[in-house]
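Working notes for the structure below.
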Number of protein chains: 2
Amino acid sequence: MKLSKTEEELMNHLWKLNKAFMKDLLEVYPEPKPATTTVATLLKRMTDKGFVGYNLFGNARQYYPLVKKKDYFSKHLNGLIKTFFNDSTSQFASFFAKETDLSKEELEELRNLIDTEIKNK
Amino acid sequence: MKLSKTEEELMNHLWKLNKAFMKDLLEVYPEPKPATTTVATLLKRMTDKGFVGYNLFGNARQYYPLVKKKDYFSKHLNGLIKTFFNDSTSQFASFFAKETDLSKEELEELRNLIDTEIKNK
DNA sequence: AAAATACCTCTACATTTGTAGAATTAAAAT
DNA sequence: ATTTTAATTCTACAAATGTAGAGGTATTTT
């Protein structure tokens, strides 16, 4: 199962907040904020899809993510890579290194990261 | 404008083939193949959205992509990065380096690529 | 030429998505 | 206790998506 674009956005807020009531979620939306019921609908759908859980406080709910961002994103990225790069991560990697607009500093940082990864293998 | 998931898949076939008639496109689908009309509908929608063009040969069309895979994908990836990494490419990069399952060899290759990129800056 | 093939457009329809009003309920504030 | 606030569920509806039948035309095959 997958989240839709708007659901993903909301999920992302939830990942940041970790735990949140409706109010908190509405707050992070920029103007013009969606209607409360809109967010409520989304949360309901996301709950049905198994991505969100909650604890009751009176009749209100404190929502929290049921999937880790990392996991969700990994799967996602793999889908992308599968679709666009014949399922080849390294093909994607080289695309990324070339086409992305990282600064020299960021690239150097990335290289260091990769070096560390290499040592751990 | 954006392509839907299924449209993307078809687009990807088109990128691979570069130029293709219906027949060619149907061929690349694994069993169970979709109905011809299904693919036709998709192609029509994609044409309307401006992602696909064609040349007439009799009443048949030879379709071709109007956007480069690279460009399409870049935009796409940026969307992802925006959604999940606070719009920070380098944050994504480090996620990628850590979470991806590249082999030592692939990582080394990637590092070399990055080195080259650094030199070009 | 007749038949078969390929492929197009139109139409259709169920699902999913984006958005939100109406009605309701529980908790908080006065 | 009454009003206000926050949040929920139900219902609704337009647009987008996935899928494909029906019907028509051009091209190729026999």
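Each chain gets a letter, A, B and so on, in the order the sequences are listed, and its residues count up from 1.
Listed by chain and number, the residues in a side chain to side chain contact (heavy atoms under 4.5 Å, CB included) with A:Thr116 are A:Asn120 (sequence neighbours excluded). In this structure B:Glu8 satisfies the side chain to side chain donor-acceptor pair (under 3.5 Å) test together with B:Lys2, B:Tyr72, B:His76, sequence neighbours excluded. Here A:Ser90 pairs with A:Ser88, B:Leu102, B:Glu106 under the side chain to side chain contact (heavy atoms under 4.5 Å, CB included) rule; sequence neighbours left out. With sequence neighbours excluded, no residue satisfies side chain to side chain donor-acceptor pair (under 3.5 Å) with B:Asp24. Taking B:Lys98 as the reference, A:Leu113, A:Glu117, B:Ser94 meet the side chain to side chain contact (heavy atoms under 4.5 Å, CB included) condition, with sequence neighbours excluded. Remark: A:Lys16 engages B:Asn86 in a side chain to side chain donor-acceptor pair (under 3.5 Å) (not counting sequence neighbours). For B:Lys33, the side chain to side chain contact (heavy atoms under 4.5 Å, CB included) criterion is met by B:Tyr29, B:Glu31, not counting sequence neighbours.
Note that CE of A:Met46 and OG1 of A:Thr41 are 12.0 Å apart. Values are rounded to the nearest 0.5 Å.
Closest approach of B:Ile118 and A:Lys104 over heavy atoms only: CG2-CE, 3.8 Å.
Residue A:Arg45 is classed as a base contact, given a heavy-atom separation below 4.0 Å to a base. Among the heavy atoms of the strands lying under 4.0 Å from A:Tyr63 are primed sugar atoms or P, OP1, OP2 only; no base atom is included. At a threshold of 4.0 angstrom between heavy atoms, the contacts of A:Lys2 with the nucleic acid are absent.
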Counting only pairs under 3.5 Å, give me each side-chain donor-acceptor contact of residues 59-68 of chain B, with atom names and distances, residues two or more places apart or in other chains.
none

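First and last contacting nucleotides of DNA chain D toward chain A (any atom under 4.0 angstrom from a heavy atom, 5' to 3' order): D:dA7 to D:dT9. Along DNA chain C, read 5' to 3', the first and last nucleotides having any atom under 4.0 Å from a heavy atom of chain B are C:dC7 to C:dT9.
Relative ring orientation between A:Phe96 and B:Phe92 is described as perpendicular, the plane-to-plane angle rising above 60° on a 0-90° scale split at 30° and 60°.
Contacts between residues 4-23 of chain B and DNA chain D, counted as heavy-atom distances below 4.0 Å, involve B:Ser4, B:Lys5, B:Thr6. Within residues 24-35 of chain A, the residues that place at least one heavy atom under 4.0 Å from DNA chain C are, in residue-number order, A:Pro34, A:Ala35.
Using a 4.5 Å heavy-atom threshold, the side chains of A:Phe85 and A:Leu80 count as separate.
With salt bridges taken as basic N to acidic carboxylate O contacts below 4.0 Å, none links B:Arg45 and B:Glu7.
Each of A:Thr38 and A:Phe57 was assigned the nucleotide of DNA chain C with the nearest heavy atom; the assignment lying further toward the 5' end belongs to A:Thr38. Judged by closest nucleotide on DNA chain C, B:Leu43 is the one of A:Asn59 and B:Leu43 placed further toward the 5' end.
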